[in-house]
There are 2 protein chains.
Amino acid sequence: MQTLSSGDSEQASSLHQRILDDIESRILSGEWQPGYRIPFEHELTEQYSCSRMTVNKALTQLAKAGMIERKRRSGSFVSKPQSQAAVLEIHDIRDEVEQLGLPYRYELQKSVSRKSTAADGKKLEIERNTPLIELTCRHYAGKRVFALEERIINLLAVPDAAQTDFSKQSPSPWLVACVPWSNAQHAIRAVAADDNVAAILGIPAGAACLVIERQTWNAGQPVTYVRLTYSGDSHALVARFAPSQG
Amino acid sequence: MQTLSSGDSEQASSLHQRILDDIESRILSGEWQPGYRIPFEHELTEQYSCSRMTVNKALTQLAKAGMIERKRRSGSFVSKPQSQAAVLEIHDIRDEVEQLGLPYRYELQKSVSRKSTAADGKKLEIERNTPLIELTCRHYAGKRVFALEERIINLLAVPDAAQTDFSKQSPSPWLVACVPWSNAQHAIRAVAADDNVAAILGIPAGAACLVIERQTWNAGQPVTYVRLTYSGDSHALVARFAPSQG
DNA sequence: CAGTGGTCTAGACCACTTC
DNA sequence: AAGTGGTCTAGACCACTGC
(Lines give C-alpha, C1' and ligand atoms only; values in the text may rest on other atoms or scores of the structure.)
Protein backbone atom coordinates (compact mmCIF):
# COMPACT_ATOMS: atom_id res chain seq x y z
CA MET A 1 0.00 0.00 0.00
CA GLN A 2 1.48 3.23 -1.11
CA THR A 3 1.05 6.68 0.32
CA LEU A 4 -0.09 9.20 -2.21
CA SER A 5 1.48 12.60 -2.22
CA SER A 6 -1.76 14.18 -1.12
CA GLY A 7 0.20 16.96 0.49
CA ASP A 8 1.29 18.17 -2.91
CA SER A 9 1.28 21.78 -3.92
CA GLU A 10 -1.98 21.47 -5.77
CA GLN A 11 -4.46 18.89 -4.68
CA ALA A 12 -5.58 16.60 -7.42
CA SER A 13 -9.21 15.83 -7.02
CA SER A 14 -9.38 12.56 -8.89
CA LEU A 15 -7.62 9.35 -8.08
CA HIS A 16 -6.23 8.75 -11.57
CA GLN A 17 -4.87 12.29 -11.56
CA ARG A 18 -3.12 11.73 -8.25
CA ILE A 19 -1.63 8.52 -9.58
CA LEU A 20 -0.49 10.36 -12.69
CA ASP A 21 1.05 13.16 -10.62
CA ASP A 22 2.72 10.67 -8.35
CA ILE A 23 4.38 8.75 -11.16
CA GLU A 24 5.25 11.94 -13.01
CA SER A 25 7.02 13.35 -9.97
CA ARG A 26 9.06 10.17 -9.60
CA ILE A 27 10.19 10.53 -13.18
CA LEU A 28 10.89 14.25 -13.02
CA SER A 29 12.75 13.92 -9.74
CA GLY A 30 15.03 11.36 -11.32
CA GLU A 31 13.97 8.62 -8.92
CA TRP A 32 12.82 6.63 -11.93
CA GLN A 33 15.47 7.10 -14.60
CA PRO A 34 14.88 6.72 -18.34
CA GLY A 35 14.57 3.04 -19.16
CA TYR A 36 13.24 2.14 -15.72
CA ARG A 37 10.40 -0.34 -15.93
CA ILE A 38 7.55 1.08 -13.94
CA PRO A 39 5.34 -1.36 -12.03
CA PHE A 40 2.83 -3.37 -14.03
CA GLU A 41 -0.73 -2.21 -14.06
CA HIS A 42 -1.81 -5.02 -11.77
CA GLU A 43 0.91 -4.06 -9.30
CA LEU A 44 -0.13 -0.42 -9.31
CA THR A 45 -3.69 -1.62 -8.85
CA GLU A 46 -2.61 -3.10 -5.52
CA GLN A 47 -0.35 -0.20 -4.54
CA TYR A 48 -3.06 2.36 -5.04
CA SER A 49 -5.92 0.10 -4.03
CA CYS A 50 -7.94 0.79 -7.12
CA SER A 51 -9.15 -0.89 -10.26
CA ARG A 52 -7.06 -1.48 -13.30
CA MET A 53 -9.09 1.02 -15.36
CA THR A 54 -8.04 3.81 -13.04
CA VAL A 55 -4.37 2.91 -13.22
CA ASN A 56 -4.68 2.48 -16.96
CA LYS A 57 -6.15 5.94 -17.37
CA ALA A 58 -3.14 7.49 -15.66
CA LEU A 59 -0.61 5.44 -17.62
CA THR A 60 -2.36 6.06 -20.92
CA GLN A 61 -2.13 9.78 -20.34
CA LEU A 62 1.52 9.57 -19.38
CA ALA A 63 2.20 7.59 -22.54
CA LYS A 64 0.36 10.15 -24.63
CA ALA A 65 2.43 12.89 -23.04
CA GLY A 66 5.55 10.96 -24.05
CA MET A 67 6.83 10.42 -20.52
CA ILE A 68 6.57 6.65 -20.68
CA GLU A 69 6.55 4.05 -23.43
CA ARG A 70 4.32 1.05 -23.19
CA LYS A 71 5.08 -2.32 -24.68
CA ARG A 72 2.89 -5.34 -24.66
CA ARG A 73 4.23 -8.27 -22.76
CA SER A 74 7.19 -6.19 -21.55
CA GLY A 75 5.74 -3.46 -19.44
CA SER A 76 5.91 0.34 -19.34
CA PHE A 77 9.21 2.17 -19.35
CA VAL A 78 10.30 5.71 -18.58
CA SER A 79 11.08 7.47 -21.86
CA LYS A 80 14.28 9.23 -22.64
CA PRO A 81 13.96 12.97 -22.25
CA GLN A 82 11.54 13.96 -24.91
CA SER A 83 12.33 16.24 -27.76
CA GLN A 84 11.43 19.59 -26.43
CA ALA A 85 8.16 20.80 -27.77
CA ALA A 86 6.94 24.26 -26.93
CA VAL A 87 3.42 25.50 -27.20
CA LEU A 88 3.37 28.75 -29.06
CA GLU A 89 0.33 30.84 -28.46
CA ILE A 90 -0.50 32.92 -31.49
CA HIS A 91 -2.63 35.85 -30.44
CA ASP A 92 -4.75 38.18 -32.44
CA ILE A 93 -2.77 41.25 -33.41
CA ARG A 94 -5.44 43.56 -32.07
CA ASP A 95 -5.19 41.94 -28.63
CA GLU A 96 -1.44 42.10 -28.79
CA VAL A 97 -1.43 45.83 -29.44
CA GLU A 98 -4.09 46.56 -26.86
CA GLN A 99 -2.25 44.58 -24.24
CA LEU A 100 0.63 46.95 -24.81
CA GLY A 101 -1.75 49.73 -23.84
CA LEU A 102 -1.61 51.29 -27.28
CA PRO A 103 -4.50 52.26 -29.51
CA TYR A 104 -5.04 49.74 -32.29
CA ARG A 105 -5.92 50.68 -35.83
CA TYR A 106 -6.30 48.54 -38.90
CA GLU A 107 -5.90 49.68 -42.47
CA LEU A 108 -6.47 47.82 -45.71
CA GLN A 109 -3.82 48.80 -48.20
CA LYS A 110 -4.58 46.66 -51.19
CA SER A 111 -7.20 44.16 -52.20
CA VAL A 112 -7.04 42.36 -55.53
CA SER A 113 -8.98 39.45 -56.94
CA ARG A 114 -6.97 37.52 -59.46
CA LYS A 115 -5.87 34.11 -60.68
CA SER A 116 -2.94 32.44 -59.00
CA THR A 117 0.51 32.47 -60.54
CA ALA A 118 3.45 30.15 -60.06
CA ALA A 119 4.70 32.43 -57.29
CA ASP A 120 1.51 31.88 -55.33
CA GLY A 121 1.97 28.16 -55.62
CA LYS A 122 5.10 28.42 -53.54
CA LYS A 123 3.18 30.07 -50.75
CA LEU A 124 0.08 27.94 -50.85
CA GLU A 125 -0.21 24.56 -52.50
CA ILE A 126 -2.64 25.58 -55.20
CA GLU A 127 -2.64 25.02 -58.93
CA ARG A 128 -2.11 27.84 -61.35
CA ASN A 129 -5.12 29.97 -62.28
CA THR A 130 -6.91 29.24 -59.04
CA PRO A 131 -9.05 32.25 -58.12
CA LEU A 132 -7.77 34.04 -55.08
CA ILE A 133 -7.79 37.31 -53.21
CA GLU A 134 -4.59 39.10 -52.41
CA LEU A 135 -4.64 41.46 -49.44
CA THR A 136 -2.11 43.83 -47.95
CA CYS A 137 -2.95 45.34 -44.58
CA ARG A 138 -1.29 47.33 -41.86
CA HIS A 139 -1.81 47.00 -38.15
CA TYR A 140 -1.04 50.16 -36.22
CA ALA A 141 -0.04 50.55 -32.59
CA GLY A 142 -0.57 54.22 -32.02
CA LYS A 143 1.03 55.99 -34.96
CA ARG A 144 3.56 53.30 -35.71
CA VAL A 145 2.95 50.37 -37.99
CA PHE A 146 3.09 47.41 -35.66
CA ALA A 147 2.80 44.70 -38.26
CA LEU A 148 2.52 44.34 -41.97
CA GLU A 149 0.18 41.62 -43.23
CA GLU A 150 0.39 40.15 -46.70
CA ARG A 151 -2.16 37.47 -47.42
CA ILE A 152 -3.66 35.38 -50.15
CA ILE A 153 -6.94 33.54 -49.73
CA ASN A 154 -7.97 30.60 -51.88
CA LEU A 155 -11.43 31.44 -53.18
CA LEU A 156 -12.13 27.82 -53.98
CA ALA A 157 -11.85 27.08 -50.28
CA VAL A 158 -13.45 30.31 -49.06
CA PRO A 159 -15.82 31.64 -51.73
CA ASP A 160 -17.42 33.99 -49.19
CA ALA A 161 -14.21 35.98 -49.05
CA ALA A 162 -14.98 37.44 -52.47
CA GLN A 163 -18.06 39.19 -51.09
CA THR A 164 -16.45 40.34 -47.87
CA ASP A 165 -15.31 43.90 -47.25
CA PHE A 166 -11.91 43.77 -45.60
CA SER A 167 -11.52 47.52 -45.41
CA LYS A 168 -13.18 47.59 -42.00
CA GLN A 169 -12.32 44.24 -40.54
CA SER A 170 -9.05 42.43 -40.54
CA PRO A 171 -9.06 39.15 -42.45
CA SER A 172 -7.56 37.04 -39.65
CA PRO A 173 -10.45 37.16 -37.18
CA TRP A 174 -12.92 36.83 -40.04
CA LEU A 175 -11.23 33.71 -41.32
CA VAL A 176 -10.91 32.20 -37.86
CA ALA A 177 -14.58 32.77 -37.20
CA CYS A 178 -15.93 31.71 -40.60
CA VAL A 179 -13.66 29.01 -41.90
CA PRO A 180 -12.98 25.77 -40.15
CA TRP A 181 -9.38 24.73 -40.36
CA SER A 182 -7.82 21.39 -39.80
CA ASN A 183 -4.14 22.06 -40.13
CA ALA A 184 -1.63 24.84 -40.21
CA GLN A 185 2.08 25.43 -40.40
CA HIS A 186 4.23 28.26 -39.21
CA ALA A 187 7.68 29.33 -40.21
CA ILE A 188 9.42 31.95 -38.11
CA ARG A 189 12.42 33.80 -39.48
CA ALA A 190 14.54 36.84 -39.00
CA VAL A 191 14.93 38.83 -42.21
CA ALA A 192 16.36 42.16 -43.18
CA ALA A 193 13.82 44.82 -44.09
CA ASP A 194 13.90 45.70 -47.78
CA ASP A 195 13.33 49.29 -48.84
CA ASN A 196 9.60 48.86 -49.15
CA VAL A 197 9.10 47.16 -45.79
CA ALA A 198 11.46 49.59 -44.13
CA ALA A 199 9.46 52.55 -45.38
CA ILE A 200 6.19 51.04 -44.20
CA LEU A 201 7.42 50.05 -40.75
CA GLY A 202 9.38 53.24 -40.32
CA ILE A 203 12.71 51.54 -39.77
CA PRO A 204 16.02 51.73 -41.65
CA ALA A 205 16.44 49.46 -44.65
CA GLY A 206 18.25 46.29 -43.64
CA ALA A 207 16.95 46.39 -40.07
CA ALA A 208 16.02 43.07 -38.50
CA CYS A 209 12.40 42.01 -38.77
CA LEU A 210 10.57 39.05 -37.36
CA VAL A 211 8.60 37.32 -40.07
CA ILE A 212 5.91 34.76 -39.42
CA GLU A 213 4.55 32.83 -42.36
CA ARG A 214 1.49 30.72 -41.87
CA GLN A 215 -0.27 28.33 -44.20
CA THR A 216 -3.65 26.97 -43.28
CA TRP A 217 -5.48 23.96 -44.65
CA ASN A 218 -8.92 22.56 -44.19
CA ALA A 219 -9.51 18.93 -44.98
CA GLY A 220 -6.45 18.85 -47.21
CA GLN A 221 -7.47 21.96 -49.15
CA PRO A 222 -5.26 25.04 -48.85
CA VAL A 223 -7.18 27.96 -47.36
CA THR A 224 -4.87 30.88 -46.86
CA TYR A 225 -1.28 32.01 -46.68
CA VAL A 226 -0.22 34.96 -44.60
CA ARG A 227 3.10 36.66 -44.03
CA LEU A 228 3.33 38.92 -40.99
CA THR A 229 6.29 41.24 -40.68
CA TYR A 230 7.08 42.87 -37.35
CA SER A 231 9.79 45.36 -36.65
CA GLY A 232 12.45 43.40 -34.80
CA ASP A 233 12.58 45.63 -31.78
CA SER A 234 8.84 45.70 -31.25
CA HIS A 235 7.95 42.08 -31.08
CA ALA A 236 8.89 38.76 -29.56
CA LEU A 237 7.14 35.45 -29.67
CA VAL A 238 6.83 33.85 -26.30
CA ALA A 239 6.32 30.17 -25.73
CA ARG A 240 5.93 28.31 -22.48
CA PHE A 241 6.13 24.64 -22.02
CA ALA A 242 6.27 21.86 -19.53
CA PRO A 243 7.26 18.27 -20.18
CA SER A 244 3.79 16.87 -19.78
CA GLN A 245 0.63 18.80 -20.00
CA GLY A 246 -2.17 16.34 -20.85
CA MET B 1 -28.17 3.90 -34.79
CA GLN B 2 -25.48 5.88 -36.43
CA THR B 3 -23.10 4.91 -39.17
CA LEU B 4 -19.49 5.47 -38.30
CA SER B 5 -17.21 6.95 -40.88
CA SER B 6 -15.25 3.75 -41.13
CA GLY B 7 -14.31 4.64 -44.69
CA ASP B 8 -12.23 7.52 -43.45
CA SER B 9 -8.80 8.27 -44.74
CA GLU B 10 -7.12 6.59 -41.84
CA GLN B 11 -8.85 3.78 -40.08
CA ALA B 12 -9.15 4.25 -36.35
CA SER B 13 -8.69 0.96 -34.63
CA SER B 14 -10.51 1.66 -31.42
CA LEU B 15 -14.12 2.49 -30.96
CA HIS B 16 -13.59 5.53 -28.77
CA GLN B 17 -11.13 6.87 -31.34
CA ARG B 18 -13.66 6.43 -34.14
CA ILE B 19 -16.26 8.23 -32.06
CA LEU B 20 -13.77 11.01 -31.39
CA ASP B 21 -12.88 11.32 -35.07
CA ASP B 22 -16.52 11.30 -36.02
CA ILE B 23 -17.47 14.11 -33.67
CA GLU B 24 -14.33 16.06 -34.52
CA SER B 25 -15.09 15.92 -38.22
CA ARG B 26 -18.59 17.22 -37.61
CA ILE B 27 -17.14 20.17 -35.75
CA LEU B 28 -14.37 20.88 -38.22
CA SER B 29 -16.73 20.61 -41.18
CA GLY B 30 -18.94 23.22 -39.63
CA GLU B 31 -21.90 20.85 -39.35
CA TRP B 32 -21.83 21.45 -35.60
CA GLN B 33 -21.19 25.16 -35.12
CA PRO B 34 -19.68 26.70 -32.01
CA GLY B 35 -22.26 26.67 -29.24
CA TYR B 36 -24.04 23.62 -30.61
CA ARG B 37 -25.03 21.23 -27.88
CA ILE B 38 -23.74 17.85 -28.84
CA PRO B 39 -25.82 14.80 -27.89
CA PHE B 40 -25.73 13.72 -24.27
CA GLU B 41 -23.53 10.84 -23.33
CA HIS B 42 -26.48 8.51 -22.93
CA GLU B 43 -27.70 9.48 -26.40
CA LEU B 44 -24.32 8.82 -27.96
CA THR B 45 -24.28 5.52 -26.08
CA GLU B 46 -27.32 4.50 -28.11
CA GLN B 47 -26.12 6.02 -31.37
CA TYR B 48 -22.83 4.18 -31.28
CA SER B 49 -24.18 1.11 -29.48
CA CYS B 50 -21.53 1.17 -26.80
CA SER B 51 -21.14 1.81 -23.11
CA ARG B 52 -21.05 5.20 -21.52
CA MET B 53 -17.38 4.81 -20.56
CA THR B 54 -16.44 4.56 -24.22
CA VAL B 55 -18.37 7.65 -25.19
CA ASN B 56 -17.00 9.42 -22.14
CA LYS B 57 -13.44 8.66 -23.15
CA ALA B 58 -13.94 10.29 -26.52
CA LEU B 59 -15.66 13.35 -25.09
CA THR B 60 -13.12 13.76 -22.33
CA GLN B 61 -10.35 13.84 -24.90
CA LEU B 62 -12.20 16.34 -27.05
CA ALA B 63 -12.70 18.54 -24.01
CA LYS B 64 -9.04 18.33 -23.14
CA ALA B 65 -8.18 19.33 -26.68
CA GLY B 66 -10.42 22.36 -26.27
CA MET B 67 -12.86 21.44 -29.02
CA ILE B 68 -15.83 21.10 -26.69
CA GLU B 69 -16.78 22.44 -23.29
CA ARG B 70 -18.59 20.27 -20.82
CA LYS B 71 -21.03 21.53 -18.24
CA ARG B 72 -22.75 19.48 -15.62
CA ARG B 73 -26.47 19.39 -15.91
CA SER B 74 -26.31 21.31 -19.22
CA GLY B 75 -24.44 19.11 -21.62
CA SER B 76 -21.42 19.42 -23.87
CA PHE B 77 -21.03 22.28 -26.30
CA VAL B 78 -18.82 22.97 -29.30
CA SER B 79 -16.20 25.53 -28.31
CA LYS B 80 -15.51 28.71 -30.15
CA PRO B 81 -12.42 28.49 -32.33
CA GLN B 82 -9.63 28.26 -29.87
CA SER B 83 -6.78 30.67 -29.65
CA GLN B 84 -4.26 29.34 -32.05
CA ALA B 85 -1.56 27.40 -30.30
CA ALA B 86 1.29 25.93 -32.28
CA VAL B 87 3.55 23.18 -31.14
CA LEU B 88 7.13 24.20 -31.67
CA GLU B 89 9.58 21.36 -31.81
CA ILE B 90 12.93 22.42 -30.48
CA HIS B 91 15.56 20.12 -31.88
CA ASP B 92 19.10 19.53 -30.81
CA ILE B 93 21.41 21.75 -32.82
CA ARG B 94 23.57 18.80 -33.79
CA ASP B 95 20.57 17.05 -35.31
CA GLU B 96 19.55 20.21 -37.04
CA VAL B 97 22.92 20.62 -38.71
CA GLU B 98 23.20 16.98 -39.64
CA GLN B 99 19.75 17.00 -41.16
CA LEU B 100 21.04 19.71 -43.45
CA GLY B 101 23.67 17.21 -44.57
CA LEU B 102 26.49 19.31 -43.17
CA PRO B 103 29.28 18.19 -40.86
CA TYR B 104 28.67 19.31 -37.28
CA ARG B 105 31.34 20.62 -35.00
CA TYR B 106 31.11 22.05 -31.52
CA GLU B 107 33.55 24.41 -29.90
CA LEU B 108 33.69 25.77 -26.38
CA GLN B 109 34.77 29.38 -26.46
CA LYS B 110 34.62 30.43 -22.87
CA SER B 111 33.86 28.83 -19.55
CA VAL B 112 33.84 30.83 -16.33
CA SER B 113 32.72 30.01 -12.83
CA ARG B 114 31.60 33.08 -10.96
CA LYS B 115 28.98 34.63 -8.72
CA SER B 116 25.87 36.08 -10.30
CA THR B 117 25.47 39.78 -10.88
CA ALA B 118 22.39 41.90 -11.27
CA ALA B 119 22.60 41.39 -15.02
CA ASP B 120 22.30 37.63 -14.57
CA GLY B 121 19.19 38.16 -12.49
CA LYS B 122 17.43 39.54 -15.53
CA LYS B 123 18.16 36.39 -17.48
CA LEU B 124 17.46 33.86 -14.76
CA GLU B 125 15.48 34.54 -11.60
CA ILE B 126 18.37 34.09 -9.17
CA GLU B 127 19.60 36.22 -6.32
CA ARG B 128 22.88 38.07 -6.48
CA ASN B 129 26.04 36.14 -5.65
CA THR B 130 24.53 32.81 -6.61
CA PRO B 131 27.30 30.55 -7.94
CA LEU B 132 26.97 29.89 -11.64
CA ILE B 133 28.85 28.85 -14.74
CA GLU B 134 28.93 31.04 -17.78
CA LEU B 135 29.53 29.34 -21.11
CA THR B 136 29.99 30.59 -24.63
CA CYS B 137 29.98 28.00 -27.40
CA ARG B 138 29.84 27.84 -31.15
CA HIS B 139 28.04 25.28 -33.25
CA TYR B 140 29.48 24.85 -36.71
CA ALA B 141 27.83 23.60 -39.87
CA GLY B 142 30.78 22.86 -42.09
CA LYS B 143 33.07 25.85 -41.86
CA ARG B 144 30.37 28.35 -41.00
CA VAL B 145 29.20 29.13 -37.49
CA PHE B 146 25.63 27.89 -37.47
CA ALA B 147 24.68 29.11 -34.03
CA LEU B 148 26.18 30.99 -31.16
CA GLU B 149 25.27 29.76 -27.70
CA GLU B 150 25.56 31.90 -24.58
CA ARG B 151 24.50 30.19 -21.40
CA ILE B 152 24.51 30.49 -17.66
CA ILE B 153 23.86 27.52 -15.40
CA ASN B 154 22.73 27.87 -11.78
CA LEU B 155 25.16 25.77 -9.76
CA LEU B 156 22.76 25.61 -6.84
CA ALA B 157 20.37 23.73 -9.09
CA VAL B 158 23.01 21.77 -11.01
CA PRO B 159 26.11 21.34 -8.83
CA ASP B 160 27.42 18.61 -11.14
CA ALA B 161 27.95 21.19 -13.84
CA ALA B 162 30.97 22.51 -11.94
CA GLN B 163 32.81 19.22 -12.46
CA THR B 164 31.76 18.72 -16.06
CA ASP B 165 34.02 19.35 -19.01
CA PHE B 166 32.07 21.21 -21.66
CA SER B 167 34.96 21.45 -24.07
CA LYS B 168 34.01 18.15 -25.66
CA GLN B 169 30.29 17.98 -25.16
CA SER B 170 27.71 20.67 -25.68
CA PRO B 171 25.88 21.71 -22.53
CA SER B 172 22.36 21.33 -23.97
CA PRO B 173 22.29 17.55 -24.38
CA TRP B 174 24.13 17.15 -21.09
CA LEU B 175 21.58 19.23 -19.25
CA VAL B 176 18.65 17.52 -20.92
CA ALA B 177 20.04 14.14 -19.96
CA CYS B 178 21.14 14.92 -16.42
CA VAL B 179 18.77 17.50 -15.06
CA PRO B 180 15.06 17.02 -14.80
CA TRP B 181 13.14 20.10 -15.75
CA SER B 182 9.61 20.99 -15.00
CA ASN B 183 9.10 24.21 -16.85
CA ALA B 184 10.60 26.37 -19.52
CA GLN B 185 9.95 29.54 -21.44
CA HIS B 186 11.06 30.67 -24.85
CA ALA B 187 11.26 34.08 -26.36
CA ILE B 188 11.92 34.36 -30.06
CA ARG B 189 13.12 37.63 -31.54
CA ALA B 190 14.74 39.16 -34.56
CA VAL B 191 17.72 41.30 -33.68
CA ALA B 192 20.46 43.05 -35.57
CA ALA B 193 23.90 41.51 -35.25
CA ASP B 194 26.28 43.66 -33.28
CA ASP B 195 29.94 43.82 -34.32
CA ASN B 196 30.92 40.92 -32.11
CA VAL B 197 28.14 38.60 -33.21
CA ALA B 198 28.63 39.62 -36.82
CA ALA B 199 32.28 38.70 -36.69
CA ILE B 200 31.56 35.32 -35.13
CA LEU B 201 28.75 34.39 -37.48
CA GLY B 202 30.56 35.78 -40.49
CA ILE B 203 27.82 38.18 -41.48
CA PRO B 204 27.75 41.98 -41.85
CA ALA B 205 27.12 44.00 -38.73
CA GLY B 206 23.45 44.91 -38.46
CA ALA B 207 22.31 41.83 -40.35
CA ALA B 208 19.16 40.15 -39.13
CA CYS B 209 19.58 37.30 -36.67
CA LEU B 210 17.08 34.97 -35.12
CA VAL B 211 17.52 34.86 -31.36
CA ILE B 212 15.98 32.24 -29.13
CA GLU B 213 16.16 32.78 -25.40
CA ARG B 214 15.18 29.96 -23.12
CA GLN B 215 14.85 29.82 -19.36
CA THR B 216 14.41 26.49 -17.66
CA TRP B 217 13.13 25.73 -14.18
CA ASN B 218 12.92 22.61 -12.11
CA ALA B 219 10.45 22.52 -9.26
CA GLY B 220 10.40 26.30 -9.12
CA GLN B 221 14.18 26.62 -9.05
CA PRO B 222 15.86 28.31 -12.01
CA VAL B 223 18.22 25.92 -13.77
CA THR B 224 19.66 27.57 -16.85
CA TYR B 225 19.33 30.44 -19.26
CA VAL B 226 20.50 30.15 -22.82
CA ARG B 227 20.57 32.56 -25.73
CA LEU B 228 20.97 31.05 -29.17
CA THR B 229 21.79 33.33 -32.07
CA TYR B 230 21.35 32.11 -35.63
CA SER B 231 22.23 33.96 -38.78
CA GLY B 232 18.88 35.09 -40.16
CA ASP B 233 19.32 33.53 -43.56
CA SER B 234 20.35 30.15 -42.21
CA HIS B 235 17.55 29.29 -39.88
CA ALA B 236 13.79 29.20 -39.52
CA LEU B 237 11.67 27.78 -36.78
CA VAL B 238 8.91 25.61 -38.07
CA ALA B 239 5.78 24.78 -36.15
CA ARG B 240 2.89 22.64 -37.21
CA PHE B 241 -0.40 22.42 -35.53
CA ALA B 242 -3.87 21.10 -35.75
CA PRO B 243 -6.83 22.09 -33.64
CA SER B 244 -6.91 18.85 -31.72
CA GLN B 245 -4.10 16.40 -31.42
CA GLY B 246 -4.63 14.46 -28.19
C1' DC C 1 2.18 -19.85 -24.53
C1' DA C 2 1.75 -16.98 -20.79
C1' DG C 3 1.45 -12.31 -19.47
C1' DT C 4 1.30 -7.72 -20.95
C1' DG C 5 -1.27 -3.63 -22.33
C1' DG C 6 -5.67 -2.12 -25.22
C1' DT C 7 -10.10 -1.93 -25.04
C1' DC C 8 -14.81 -2.37 -23.65
C1' DT C 9 -18.95 -3.31 -20.52
C1' DA C 10 -22.83 -2.64 -17.26
C1' DG C 11 -23.56 -0.69 -13.45
C1' DA C 12 -22.68 2.38 -9.57
C1' DC C 13 -22.20 6.57 -6.61
C1' DC C 14 -21.29 11.37 -6.34
C1' DA C 15 -21.12 16.52 -7.05
C1' DC C 16 -22.77 19.95 -9.24
C1' DT C 17 -26.05 22.87 -11.55
C1' DT C 18 -29.84 24.28 -13.52
C1' DC C 19 -34.80 23.81 -13.40
C1' DA D 1 -35.50 17.76 -7.57
C1' DA D 2 -33.78 15.87 -11.64
C1' DG D 3 -30.44 15.10 -14.89
C1' DT D 4 -25.84 16.05 -16.26
C1' DG D 5 -20.94 14.88 -16.41
C1' DG D 6 -16.92 12.87 -13.29
C1' DT D 7 -15.29 9.10 -11.61
C1' DC D 8 -14.61 4.40 -10.31
C1' DT D 9 -15.30 -0.79 -10.20
C1' DA D 10 -14.83 -5.80 -11.22
C1' DG D 11 -14.60 -8.34 -14.72
C1' DA D 12 -14.01 -9.59 -19.56
C1' DC D 13 -11.95 -10.56 -24.22
C1' DC D 14 -8.41 -9.67 -27.40
C1' DA D 15 -3.84 -8.86 -29.87
C1' DC D 16 0.56 -8.83 -29.51
C1' DT D 17 5.10 -10.35 -28.11
C1' DG D 18 8.87 -11.90 -25.80
C1' DC D 19 10.02 -16.09 -23.21
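Letters A, B, ... mirror the listed sequences (proteins, then strands); counts begin at 1. Predicted model only: the values in this text are computed from it and were never measured. Computation of the quantities below employed the complete heavy-atom set of this structure, encompassing side-chain atoms and omitting hydrogens, waters and symmetry-equivalent molecules.
If you take CZ of A:F40 and P of D:dT17, they are 16 Å apart, rounded to a whole angstrom. The interatomic distance linking B:R72 (CZ) with C:dA15 (C1') rounds to 5 Å, in whole Å. Across the protein-nucleic acid pair, B:L20 atom CG and C:dC8 atom P stand 12 Å apart, rounded to whole Å. To the nearest angstrom, C1' of C:dG6 lies 13 Å from NZ of A:K64. Here the P atom of nucleotide C:dC8 and the CG atom of B:L44 are 15 Å apart, to the nearest Å. Here the C1' atom of nucleotide D:dT7 and the NZ atom of A:K57 are 6 Å apart, to the nearest Å. Rounded to whole Å, atom P of C:dA2 lies 16 Å from atom NE2 of A:H42. Straight-line distance from the CG atom of A:L15 to the C1' atom of D:dT9: 11 Å, rounded to whole Å.
Side-chain contact between A:Q61 and A:H16 is present, with at least one heavy-atom pair separated by less than 4.5 Å.
Within the 4.0 Å cut-off from OP1 or OP2 of C:dT4, not a single side-chain nitrogen or oxygen of A:S76 is found. Look at B:T54 and you'll find a side-chain N or O under 4.0 angstrom from OP1 or OP2 of C:dT9. For D:dG11, neither phosphate oxygen OP1 nor OP2 lies less than 4.0 angstrom from any side-chain nitrogen or oxygen of A:S51. Residue A:S14 places at least one side-chain N or O under 4.0 Å from the OP1 or OP2 atom of D:dT7.
Heavy atoms of other residues, nucleotides or ligands lying less than 6.0 angstrom from CD of B:E98 number more than 12.
Taking only side-chain atoms of B:H16, from C-beta outward, the nucleotide of D:dT9, C:dT4, C:dT7 with the closest atom is C:dT7. Considering only the side chain of A:R70, C:dG6 comes nearest among C:dG6, C:dT18, D:dT4.
Contact detail for A:L124 and A:T224: the closest heavy-atom pair is CD1-O, 3.3 Å.
Taking a cutoff of 4.0 Å between a charged side-chain nitrogen and a carboxylate oxygen, B:K123 and B:E213 do not qualify as a salt bridge.
Nearest-nucleotide mapping onto DNA chain D: of B:M53 and B:E41, the residue sitting toward the 5' end is B:E41.
In terms of polar N and O atoms assigned as donor or acceptor, the side chain of B:R52 never comes within less than 3.5 Å of the base of C:dA10 in a complementary pairing.
With a 6.0 Å cutoff to the six-membered ring centre and a 45° limit on the axis angle, A:R94 does not count as a cation-pi contact of A:Y104.
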